[in-house]
Amino acid sequence: MTSTSALSKQYEPTEVEARWIRYWIENGFFHSDETSPTVPFSITLPPPNVTGSLHIGHALGSTMQDILIRWKRMQGFNAMWMPGIDHASIAVHVLLEKDIKRRENKTRFDLGRDEFMARAWKWKERSGNRISEQEKLMGFSLDWARERFTMDEGSNRAVREAFVQLYEEGLIFRAKRMINWDPVSETVVSDLEVDTAEENGSLWSIKYPIVGAKNGEAIIVATTRPETMLGDTAVAVHAKDERYLEFHGKEIELPLTGRRIPIVPIDIMREGKVWPDPAFGSGAVKVTPAHDPNDYEVSQIANLPILEVIDRTGKMAGEIPTKYIGMTVETARKAVLADLEAAELLVETKPYKVPRGRSQRSGAVIEPMLMEQWWVKAKPLADKALAAVEQGKTKFVPEHHTKTFMHWMTNIQDWCISRQLWWGHQIPAYYCENGHVTVAREAPTACKECNSAALKQDEDILDTWFSSGLWPFSTLGWPDKTKALRTFYPNDVLVTAPDIIFFWVARMMMMGLHFMKKVPFKTVYLTSTVTDENGKKMSKTKGNVIDPLDVVNGATLEVLLDRVDVERPPDIDGVKKQLKKHMPKGIEAMGSDALRFALAALNTGGSYIKLSIDRVAIYRNFINKLWNASRFALMNFDGYDPERFEAQINAPSGRAALGVPERWLLARLQATSGDVQASLEAFRFADAANAIWHFIYDDLCDWYIEIAKPHLRQSDDLVQDPQKAAYRHIVQGVLASTLETTMRLLHPFAPFVTEEIWQKLPKPQQLPESLMITVFPRADEGWRDPAAEGEIKVLQDVVTACRMLRQTYNVPPKQHVDVELRTSDDSQRRTLETFHDFMQKIASVRATITGAGAGSAAGSAKAIVSSTLEVVMPLGGLIDPTAEKARLAKEIEKSKKEISNIETKLAKPEFIARAPEDEVEKQRSRLVEEQAMVQRLTEALHTVESAR
RNA sequence: GGGCGAAUAGCUCAGCGGAAGAGCGCCGCUUUUACACAGCGGUGGCCGCAGGUUCGAACCCUGCUUCGCCUACCA
């Protein structure tokens, strides 16, 4: 019945973890059934990009999700956690293209679309499998049977359906507008995919001669991009700028081109400021409508022509002097400047901070261009999302993220969804030779306008976030009305990183509300960002990356360095140097549980979690502590009968037989369960983790196990003394059942070690076969026990006081000194008598318990525990009277300061009048207590003094 | 430029209206029928600065300072 199999002194996670993953999956414990009548609880895992492997950010988010899903599953919910992978269109493109360039020196155009797609699929297979392996190693209880991919058949169908519906409703349209062009990847990117930063550049002032002006009059314009002058179609001045009134309606002789362009008066407000700003530079602005979003807007207002002079590859083109055609933007800039200089038209060059947009993925400088693209009309969709959040249908945790979401949604722009890439969902629009467009779910055989059969599908694909936006319902079978969809939509929680609120959360809200008429999730929990211990973002080039799997399994420095050679980042030597600096000894294996618990315990809800291997080691130690406490217990369960104990504890008479320490421990356990429950309800993961931590370290290990030890010992008198034998059984039972409950409490955080221990614990037969399908502990008020807590508190205080005195006076550890425990309180006296033996053992003292009024021997040290309790330690010549005086004086000082504070407070009539009555009463009793303390301490001080 | 957040022990962070807390570190002591990945004892705070509200402020309000993030089409 009980196993006392020898366990190793140190917990060895690697073998244990592999075993339980297999066991859980093979038994189908992760799988949910949509036809189950129980209340559903669902979470969709943010699908990791197929480009990557699991990084520490995933580990954090997924661990929190697994904690929630395991917790709810154990509470009897029909818990479903949806796994999947995202095709990550542009991210794959950039990486794959780089790879092909490096290995074969070819572009994607050299390979062709079919070959490129084949390679991307191969990549997906390899990378996707690796990600799911990693997720399994972390113990994530994902419902693997439901696993999906954003480019699988179901998702493709959902994408086409959504596109067609939105098109038919007029919410998807095609239009020529200003877009962000990435000339390296040769595709549009959305505003969100552009990172704008100030870079060092110049501001050049150029002289634009006025047509027909006497003595060479000219207008000076300032620009950061002189090459775009080739596409200028006007010069704008503020309509009320007096300097230029006389030039309204006149023309400029545009240098280098021979074209004439008008001078136009403009008076508009932009972001609350007048434009053009007469105070900036000369107050005149060159206008290039085709290559500047600002200028495009002006051209629409002033009805100016548009001249495109840059092509898709970022080279000069169009109606410009032939010498510039084919030059890159950079080269053209130099050439234009040189030519202007030669013509004596370049007036000034000064250094200037230029805001420059770069493609998040390729790093290319973004070229604003005018192009025909597909768009989603965002406003009507966003309005529904705004309303839903306002009505509290979706809540953000932490709450302050709500504002970010609302602000962006309120100012939302139309969403450009077409991309000139290959890896993704091809747009279901078909063109005939007459230029008609047919949008359809299945490839049409004829144009719906002219019936032409010569149809060609749009070459473009959709933004990767289009399919992601449908993910919460496309994964459940939409557009079919499936049972899974009815059961698990909306999800209860979405856990994700704050940096994709706009990319993803916003799109899911819009799409979910539009197609499902319901929000996709009730709560959005936004995770912190994991950084290194110095608060620096983790990056491969800095060598400060913590790879979750290295933490779990360990890695030598050699392995880490070899990996750099395989990955080949730009600065291999630099990365290696950083690695050697940060992780000179490699990484010790910590196990999944340690990493998971660390992530939970450090997740206090701030913006950052500063993580280092050393910090994970703290929680590895915790897991080991638990392992050893369990090991101790398992060594002491001989003769224990769990069924008998179960029957006993459930009967009033049995409960009455519990000792004070048992009642105390069970009270603490139920309080801890309550804390964990409340904390998880509020997404306070760190509070939940720490409540368990303190229960295990302080209550269970430091006190209960120590108290229990003498009673667990096998000895001959157990046979003779049935009462002792019976109590031993109770102690075994309380220890076993407390450990069993603790495993259930801790299981969502540290699933492996808890399952391993739980399986070995002696426990009643009717429990399920696995810890993960047991019932999560609930706080049971029936076990509250203030009386027992009071008694144990006295015990703890007395023991601590004895230890303090011993250590203050350097009593040799082996020497059992005499102490007098003096109390004026009868119940305290009884408590001390009960724990007499235990106290003597744990504090290494020989204790005499006395009542009030006894005098102290000269030369004794005294610790005042409370107004009714003191510990006297006569030490003969051992104590140093000076040190004892100083110690007591310090305590008196502290109490006197308190007394003075309280007296001041109580002396104020306003306090008595306005503060709540119980507060006043509390202060009064505190005053009495402190005064008694000072009296005791002062007496002690006199005793020491008289000993001189 | 606009917005959001943070400042509490040497470090990392809880606490958010009624006695300043934890973990780590640091200083001692200890190998004792679980655990040295341990135990025991101790040290350590103008709760960023200045005002205000309140009987009472680390906590609420207003400024300021310093750090972080997002976000923005000033030539």
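In what follows, every chain begins at residue 1, and chains take the letters A, B, ... in the order their sequences are listed. Predicted model only: the values in this text are computed from it and were never measured. Atoms considered below: every heavy atom in the structure, side chains included; atoms not considered: hydrogens, waters and symmetry mates.
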**Study point:** Carboxylate-amine/guanidinium proximity below 4.0 Å for A:K897 and A:E893
**Key:** no
Check your understanding: In terms of the angle between their ring planes, are A:F396 and A:F405 parallel, tilted or perpendicular, with boundaries placed at 30° and 60°?
Key -> tilted
Check your understanding: Please give, in whole Å, the distance from B:G23 P to A:L599 CG?
Key -> 20 Å
Review point. Any salt bridge between A:E533 and A:K610, counting N to O under 4.0 Å?
Key: no
Review point. Are OP1 or OP2 of B:A34 and a side-chain N or O of A:K709 less than 4.0 angstrom apart?
Key: yes
Practice item. Measure from the side-chain heavy atoms of A:M804 and tell me the nearest of B:A22, B:G41, B:G39. Key: B:G41
Study note, to complete from the structure: Closest of B:U71, B:G41, B:G39 to the A:D702 side chain is B:G39
Check your understanding: Picking from B:C4, B:A34, B:G23, which would you name as closest to the side chain of A:A629?
Key -> B:A34
**Study point:** A:K890, nearest nucleotide to its side chain (from B:A34, B:G44, B:C74)
**Key:** B:G44
Study note, to complete from the structure: In whole angstroms, the gap separating P of B:G3 from NE2 of A:H401 amounts to 18 Å
Review point. Within this structure, what is the CG-to-C1' distance between A:N603 and B:A22, rounded to whole angstrom?
Key: 16 Å
Practice item. Please measure how far the C1' atom in B:C67 lies from the corresponding atom in B:U31, and state the result in whole Å. Key: 47 Å
**Study point:** Protein-nucleotide distance (A:D675, atom CG; B:A22, atom C1'), rounded to Å
**Key:** 14 Å
Practice item. Evaluate the ring-ring contact (aromatic ring centres under 6.0 Å, His included) criterion for residues A:W204 and A:Y352: first the C-alpha distance (whole Å), next the side-chain angles of each, then the deciding distance (0.1 Å), finally the verdict. Key: CA-CA 9 Å; A:W204 289 277; A:Y352 199 73; 10.0 Å; no
For nucleotides 28-32 of chain B, give me every protein contact, N/O to N/O, under 3.5 Å, one pair per line with atom names.
| unit_1 | atom_1 | unit_2 | atom_2 | d |
| --- | --- | --- | --- | --- |
| B:G28 | N2 | A:Q807 | OE1 | 2.7 |

Point to revise | Who pairs with B:A34 - Watson-Crick or G-U, where each distance is under 3.5 Å | key: none
**Study point:** Nearest to side-chain heavy atoms of A:M635, which nucleotide of B:C35, B:A34, B:A22
**Key:** B:A34
Practice item. Give a yes or no on this: more than 12 heavy atoms of other residues, nucleotides or ligands lie within 6.0 Å of atom CD of A:Q413. Key: no
Review point. What does nucleotides 9-21 of chain B look like as a protein-contact string, B for base, S for sugar-phosphate only, - for none, at under 4.0 angstrom between heavy atoms?
Key: ---BSSS--BB--
Review point. Across all strands shown, which nucleotide pairs with B:G41 by Watson-Crick or G-U wobble geometry, both distances under 3.5 Å?
Key: B:C27
Point to revise | Check: B:C4 base within 3.5 Å donor-acceptor of A:K403 side chain | key: no
Point to revise | Any side-chain heavy-atom pair of A:L735 and A:I705 under 4.5 Å | key: yes
**Study point:** Whole-angstrom distance between B:G48 and B:A20, as gauged at atom P
**Key:** 15 Å
Review point. Do A:K905 and A:E910 meet the salt-bridge criterion of a basic N to acidic O distance under 4.0 Å?
Key: no
Exercise for review: Inspect the surroundings of CD in A:E367 and state if more than 12 heavy atoms from other residues, nucleotides or ligands are less than 6.0 Å away.
Suggested key: yes
Practice item. Would you mind pulling out the nucleotide paired to B:A20, Watson-Crick or G-U wobble, both distances under 3.5 Å? Key: none
Check your understanding: Any salt bridge between A:E930 and A:K896, counting N to O under 4.0 Å?
Key -> no
Check your understanding: Hey, is the side chain of A:K9 poking within less than 4.0 Å of OP1 or OP2 on B:C35, counting only N and O atoms?
Key -> yes
Practice item. Rounded to whole angstrom, note down the P distance from B:A72 over to B:A19. Key: 47 Å
**Study point:** Ionic contact status for A:D918 with A:K922, cut-off 4.0 Å
**Key:** no
Study note, to complete from the structure: Answer for the Watson-Crick or wobble partner of B:C67, both distances under 3.5 Å, is B:G5
Point to revise | P atoms of B:C4 and B:G56, separation to the nearest Å | key: 31 Å
Exercise for review: Sort out the partner of B:G51 for me: Watson-Crick or G-U wobble, both distances under 3.5 Å, none otherwise.
Suggested key: B:C61
Review point. In whole Å, what separates the C1' atom of B:G1 from that of B:G18?
Key: 44 Å
